[in-house]
There are 2 protein chains.
Amino acid sequence: MTDGAPGRRPATAHEVAKLAGVSQSAVSRVFTPGASVAPATRERVVAAASQLGYRPNLVARSLITRRSNLIGVVVPGNGNPFYQRALEALSVAFAKLGYGVLLFTTDPLANSDPILDDVLRYRVDALVLISTSLSSRFAEECVQVGLPVVMFNRKTDSNAASSVTGENRLGAELIAEFLLAAKHRRYAYVAGLEQSSTSRDREEGFMECLARHNVKHVERQVGHYSASGAEKAVRALLGSKQPPDAIFCANDHMALAAISVARAEFGLQLGSDVSIVGFDNIDMGSWPLFSLTTYSQPVGSMVERTVDIVARQLAGDAALSVQEVTCGQLIVRDSARKPKSGLSTQDGNCIWTLPQTASRAG
Amino acid sequence: MTDGAPGRRPATAHEVAKLAGVSQSAVSRVFTPGASVAPATRERVVAAASQLGYRPNLVARSLITRRSNLIGVVVPGNGNPFYQRALEALSVAFAKLGYGVLLFTTDPLANSDPILDDVLRYRVDALVLISTSLSSRFAEECVQVGLPVVMFNRKTDSNAASSVTGENRLGAELIAEFLLAAKHRRYAYVAGLEQSSTSRDREEGFMECLARHNVKHVERQVGHYSASGAEKAVRALLGSKQPPDAIFCANDHMALAAISVARAEFGLQLGSDVSIVGFDNIDMGSWPLFSLTTYSQPVGSMVERTVDIVARQLAGDAALSVQEVTCGQLIVRDSARKPKSGLSTQDGNCIWTLPQTASRAG
DNA sequence: CTGAAAGCGCTAACAG
DNA sequence: CTGTTAGCGCTTTCAG
């Protein structure tokens, strides 16, 4: 009832039409959402279609509508769980809107220029760049060709493409305030990738806030957003003569690796011997073993915003470029020493906000 | 030099032909790998093409070649790092062969039947099912329609579709032998999903081997392959009156969550108070904090095999259904107590093999 | 509401 | 080696 022969090629609208005794365009209409077809006709077509196992060929449809219904999504293949979640959510959200996700994984090591060609050849309707380290020229080239681009968790200097990011600067500042309030002595930052706008913004927020509070020296290492990079960075930090007692890692993935090293290799107690804070709030951070203090980036809303921007651009009624910032919170757990005040509870999480009394330079 | 107007639609072969003063088919040939074109012609076409920023429209090509150059990949959205790695590797490998990856994420909770429709509509050339819990009818339906299907890390009873799996049974048996050799007393298994062939095979291997050695009672919990599921399972296990001292989790993702709970909530010392073993050998298992003993599934070779099967099927010269098993090893770290003998080193890992003296029933 | 006709951009025989 | 001629399977006017 669903197919003819095993290996036969898929039924066409033409064949359905013949079987149903109608014209091929009638078949097309039945499978076009807004078209008007007589109930009787529709019924016969549907019957014939299901008998033949017919499904409209999206390729053919794309050719004429000039819409592939495909969204290209570019993800760096570095094992960051935050991207996994984002990708999962994007995929589900786009599917719900009838779009397919064409996945491109950038090898963090190799040159990823050919991806542009692939993307353009496949005629994707839009492109989502998940915080990848592609040259910023990339996005601009796409925009120039008229391809809507949304950068997820990243920005470029020129605001040619839209972007959805978390509160990188603000979050990092708050983390600095938080660590200061708990009276740490020696601070360190573990950067992601040097080219990454996200890592830079977080670093600036962190460093500048510390500077405002007269912290002169802040240790710095680069973790390349990878677990092994973070491990090395933290070994260097904690192995030095005057190890820091407060480490801010540019993202959770690195923060977890940092905790692993601090505990297992240096025998340190998190939250007392050393404080480690991350950024993202990935699921694993809440595992009792890590209990990571972190500034959250709400994947759900970020994905929502992203999908929304794409949808609006595709509908044609949107500005060409939007910069969205989604709000997060400082989620307090046990990986960092806690200040006396400023703590409260929200949605089952302990969060920290800057007490009124403290000064907050703009 | 790469484009005409900003928002204009992409150049067509026709336009390139006009500009180059050749026929449209000449343009087509220039962009077809094996075609014969006079050097002079090629040059003019290439020049015109680059001036117009022309790239062949894969959609149009697909329509006529009846090949979308798209491989559908279905992944369960449960945050398992093993799948993330597999997906990354598959994506890179297929890209290298000129295929795009169309991603489908199954919501572990929701019904995923509509995916079949999507997949078929997009006319993907082949389908890779990453150990998803889709009804086994799914794969069979695809095969019946003539769509090549490879199951990654999973099998169905009917061998209609090809599959690439690790040594589930053998690995689990070896784990049992390993735990027995280290003289544990009370054994437990944390299952994945009940429907999962992978979890069942591992359970069978584990249980039967223990039974052969006269272990009567083995505790059992279901972790649903999720971190939170595993946490619950382990709490139940370790919170009981007679907690097990040897726990085999159906995969690493759950094993890590289990370790987290055992250490942080029960204050247990891994490898002495309790032994936890996983399956997969994901990167995080080697983090010093976890130091997970596990049976490895080599993602690299599994992906290679998968891509190879797909490629062969697409080339037409392959058997319709192949069942491949890729070999792994028992990687010994510190999360489980070690036996006296059988340990050796390989590729920087400590591995365990069954000492000759012990009996090994078939 | 329905059918006929004209393509979407490209590949694949064919003659030349 | 090159141009001409048919379509691939579908959407979309346009008459009826």
Side-chain angles (χ1 to χ4, degrees), chain A residues 4 8-46 48-49 52-70 98 120-125 145, chain B residues 4 8-46 48-49 52-70 98 117 120-125 145-146:
Chain A
R8 246 188 89 271
R9 48 158 138 119
T12 70
H14 216 196
E15 293 163 1
V16 175
K18 210 168 57 182
L19 181 61
V22 298
S23 79
Q24 184 267 345
S25 19
V27 177
S28 171
R29 283 189 198 102
V30 169
F31 289 92
T32 305
S36 62
V37 191
T41 313
R42 153 164 283 126
E43 205 173 322
R44 301 177 56 195
V45 169
V46 168
L52 263 42
Y54 169 76
R55 300 167 213 267
N57 184 335
L58 286 195
V59 176
R61 174 180 297 180
S62 298
L63 189 55
I64 179 142
T65 59
R66 288 206 181 75
R67 292 214 161 190
S68 62
N69 271 291
L70 252 32
L120 260 29
R121 253 197 279 277
Y122 276 108
R123 296 293 196 271
V124 298
D125 291 342
V145 180
Chain B
R8 245 187 90 272
R9 51 157 135 122
T12 71
H14 214 205
E15 292 162 4
V16 175
K18 210 168 57 184
L19 181 61
V22 297
S23 80
Q24 184 265 343
S25 20
V27 177
S28 170
R29 284 190 197 99
V30 170
F31 289 91
T32 305
S36 61
V37 191
T41 313
R42 153 164 285 124
E43 206 173 322
R44 302 177 56 196
V45 169
V46 169
L52 263 44
Y54 170 76
R55 299 167 214 269
N57 185 334
L58 286 195
V59 176
R61 176 181 296 183
S62 298
L63 188 55
I64 180 144
T65 59
R66 289 207 178 75
R67 290 214 164 192
S68 62
N69 271 290
L70 254 31
D117 261 21
L120 261 28
R121 251 196 281 275
Y122 276 107
R123 295 295 195 268
V124 298
D125 290 342
V145 179

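Just so we're on the same page: letters track the sequence lines, and every chain starts at 1. All values below come from the heavy atoms of this structure, side chains included, with hydrogens, waters and symmetry mates left out. Since the model is a prediction, treat every value here as computed from it, not as a measurement.
- Evaluation of atom-type donor-acceptor distances gives no pair under 3.5 Å for the side chain of B:Arg66 against the base of D:dG9.
- Counting to the nearest Å, the P atom of C:dC10 and the CZ atom of A:Arg121 are 12 Å from each other.
- B:Val27 comes within 4.0 angstrom of nothing in the nucleic acid, heavy atoms only.
- Taking each heavy atom of A:Ser68 and A:Val124 in turn, the nearest pair found is OG-CA, 3.5 Å.
- One N or O on the side chain of A:Glu15 and one on the backbone of A:Thr12 form a donor-acceptor pair closer than 3.5 Å.
- At a threshold of 4.0 angstrom between heavy atoms, the contacts of B:Thr12 are confined to the sugar-phosphate backbone, with no base atom among them.
- Rounding to whole angstrom units, CG of residue A:Asn69 and C1' of D:dC10 are separated by 14 Å.
- For the OP1/OP2 pair of C:dC1 and a distance below 4.0 Å, the side-chain nitrogens and oxygens of A:Ser36 include at least one atom meeting the criterion.
- Rounded to a whole Å, the CZ atom of B:Arg67 is 24 Å from the P atom of C:dG9.
- Heavy atoms of B:Val59 sit nowhere under 4.0 angstrom from any nucleic acid atom.
- Counting non-hydrogen atoms under 4.0 angstrom, B:Ser25 reaches a base of the nucleic acid.
- Going from atom CD of B:Gln24 over to atom P of D:dT5 covers 13 Å, rounded to whole Å.
- Side-chain N/O atoms of B:Ser28 include one lying less than 4.0 angstrom from OP1 or OP2 on C:dT11.
- Taking the nucleotide of DNA chain D with the nearest heavy atom to each of B:Arg42 and B:Leu63, the more 5' of the two is matched to B:Arg42.
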Tell me, with the steps shown, if B:Val59 and A:Tyr122 meet side chain to side chain contact (heavy atoms under 4.5 Å, CB included). CA-CA 7 Å; B:Val59 176; A:Tyr122 276 108; over 6 Å; no
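- Atom CD1 in A:Ile64 sits about 4 Å away from atom C1' in D:dT11, given to the nearest Å.
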